[in-house]
Each structure stands twice: as structure tokens, then as C-alpha cells.
Amino acid sequence: MNQNPNPNQSSYEPEAGHSYSEKIDAFKKDLDAIEARHPDLFASRGDKLADHYVLDATNTRAGFRFLPDSDLPESVKEECICAYRKEFALVE
């Protein structure tokens, strides 16, 4: 498993023979829930949480990072990072 200490970028490499498509789906649901918890923030900005991050998924790797110009509050970013770590068992 690969862990990136940069809080704005994380990656996950599954153990051999393990599928992570369910983890990707669960993480996307977590991100939807985070956006739903902050309706006033996103309504006032006129954007969506998905406008602030990149989720890269291939057959062997899943990565998550915020876009360099993301100006989301740090508290919302931290919620996303915690959700990523929860779904991909990246505990420190």
C-alpha cells in the first residue's frame, strides 16, 4: 500500500488480487454526503465539490488530490481527506 503524506494528495494501491471498485463507489458517496452537508457553501459559490478535486482510478491504483486553485475551506478539504482515508484504510 502506498501512502502519500501530502494532505492534498493521496493514493491507494490495492493488495494483489483485491478489487477496489466498491471502495471508489463508497468514496464517491462520501463526497456526495460532504457536499450535501454544506449546501449554503456550494450554493453561494455556484460550484460543486467535484469542481475542486481529481479522482484518478485505474486497474491498479486510485488517487485523490485537490486542484491547485481550489479555494475550499480547509475544514471541507479535511472532511474529504478523512473520507478517503476511511474508505481506503489509510490510517496513521
- Message: Show, in sequence, the C-alpha distance, side-chain angles and deciding distance for Phe42 and Leu72, and conclude whether the side chain to side chain contact (heavy atoms under 4.5 Å, CB included) test is met.
- Response: CA-CA 10 Å; Phe42 291 103; Leu72 284 176; 3.8 Å; yes

- Item | Within-4.5 Å side-chain heavy-atom neighbours: Arg65 and Tyr53 | no

- Task: Using the rule that two of Ile, Leu, Val, Met, Phe, Trp, Tyr join whenever any of their side-chain heavy atoms come within less than 4.5 Å, decide whether Ile81 and Val54 are in one cluster.
- Result: no

- Message: Under a 3.5 Å cutoff, is there a donor and acceptor pairing between the side chains of His38 and Arg45?
- Response: no

- Message: Show the nearest heavy-atom pair for residues Lys23 and Glu87, with the distance to one decimal.
- Response: NZ-O, 3.1 Å

- Message: Walk me through whether Asp47 and His52 qualify under side chain to side chain contact (heavy atoms under 4.5 Å, CB included).
- Response: CA-CA 9 Å; Asp47 65 5; His52 294 271; 2.6 Å; yes

- Query: So which heavy atom on Pro73 is nearest to which on Leu41, and how close?
  - Reply: CD-CD2, 4.0 Å

- Task: Classify the angle between the aromatic ring planes of Phe27 and Phe64 as parallel (below 30°), tilted (30 to 60°) or perpendicular (above 60°).
- Result: perpendicular

- Keeping the roles fixed (side chain from Ser70, backbone from Phe66), state whether a donor-acceptor pair exists under 3.5 Å. no

- Message: Nearest 0.5 Å, please: how far is CD in Glu79 from CG in Leu31?
- Response: 10.5 Å

- Query: What is the distance from atom CD1 of Ile34 to atom OG of Ser75, rounded to the nearest 0.5 Å?
  - Reply: 10.5 Å

- Task: Please report the closest heavy-atom contact between Leu49 and Val76, naming both atoms and the distance.
- Result: CD1-CG1, 4.4 Å

